[in-house]
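The structure under discussion appears below in the form of structure tokens.
All values below were derived from every heavy atom in this structure, side-chain atoms included, with hydrogens, water molecules and symmetry-related copies excluded.
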Amino acid sequence: YQIAYRILVSEQRVLVSQAMVILNNIGHIHRLLGKEENAKKCFQRLLTTMVYLQQAGDHAQIIQWDSFLNNVMDIIISPEASHKRFAPAA
């Protein structure tokens, strides 16, 4: 996956959706291997790409948008902070 990502971004015609899928998968692999820092770096790059697409108005073209958003949510709102902000469910 890492080689595929490097090749993809080195090309001039990058399909952003493919790059996002590869970044997401690399992040998951790192997480499964217990390499949380590497996973965070991948998900941070994914989040950066998502913010760019959101600002450009192109996010609707990404079919898996909600799944990607779910994977970067810990970067947006840390798990510790999310529990402090919201009251427990009744």
Side-chain angles (χ1 to χ4, degrees):
Y1 277 111
Q2 289 177 335
I3 293 170
Y5 179 74
R6 285 187 200 132
I7 291 170
L8 186 64
V9 297
S10 69
E11 298 290 323
Q12 291 189 352
R13 291 186 232 164
V14 174
L15 292 176
V16 176
S17 59
Q18 288 179 344
M20 291 173 70
V21 169
I22 292 171
L23 275 172
N24 186 65
N25 290 350
I26 294 171
H28 276 294
I29 290 168
H30 282 301
R31 187 165 279 159
L32 290 172
L33 294 173
K35 299 179 179 182
E36 192 59 34
E37 277 303 309
N38 291 342
K40 268 186 156 178
K41 288 177 186 177
C42 290
F43 292 131
Q44 182 63 51
R45 286 183 184 160
L46 179 59
L47 177 59
T48 300
T49 304
M50 292 177 72
V51 169
Y52 172 79
L53 290 173
Q54 178 75 32
Q55 293 297 313
D58 293 335
H59 69 283
Q61 297 175 10
I62 307 299
I63 297 169
Q64 306 90 351
W65 186 264
D66 291 339
S67 298
F68 292 137
L69 184 60
N70 187 46
N71 291 335
V72 299
M73 194 56 70
D74 288 350
I75 296 171
I76 298 170
I77 302 172
S78 69
E80 299 83 22
S82 66
H83 295 301
K84 292 177 184 176
R85 288 186 179 176
F86 305 106

Which residue pairs pass the salt bridge (Lys or Arg N to Asp or Glu O under 4.0 Å) test with at least one member in residues 32-42, sequence neighbours excluded?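 Salt bridge (Lys or Arg N to Asp or Glu O under 4.0 Å) check on residues 32-42 returns Arg31-Glu36.
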Just to verify, which of Asp58, Val21, Thr49 counts as forming a side chain to side chain contact (heavy atoms under 4.5 Å, CB included) with Val16? Thr49
Out of curiosity, Ile22 CD1 to Ser17 OG, how far, rounded to the nearest 0.5 Å?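 Taking CD1 in Ile22 and OG in Ser17, the distance rounds to 9.5 Å.
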Could you pull out the closest heavy-atom pair between Gly27 and Ala39, with the gap in Å?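 It is O-CB, 3.4 Å.
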Considering all heavy atoms of both residues, which atom of Cys42 and which atom of Leu23 are nearest to each other, and what is their separation? CB-O, 3.7 Å
Expected list for residues 59-68: side-chain donor-acceptor pairs under 3.5 angstrom, two or more places apart:
none

Can you sort out the partners of Ile75 under side chain to side chain contact (heavy atoms under 4.5 Å, CB included), two or more places apart, ordered by chain and number? Phe43, Gln44, Leu47
For Asn24, side-chain hydrogen bond (donor to acceptor under 3.5 Å, both in side chains) partners two or more places apart: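 With sequence neighbours excluded, Asn24 shows a side-chain hydrogen bond (donor to acceptor under 3.5 Å, both in side chains) to Asn71, given in chain and number order.
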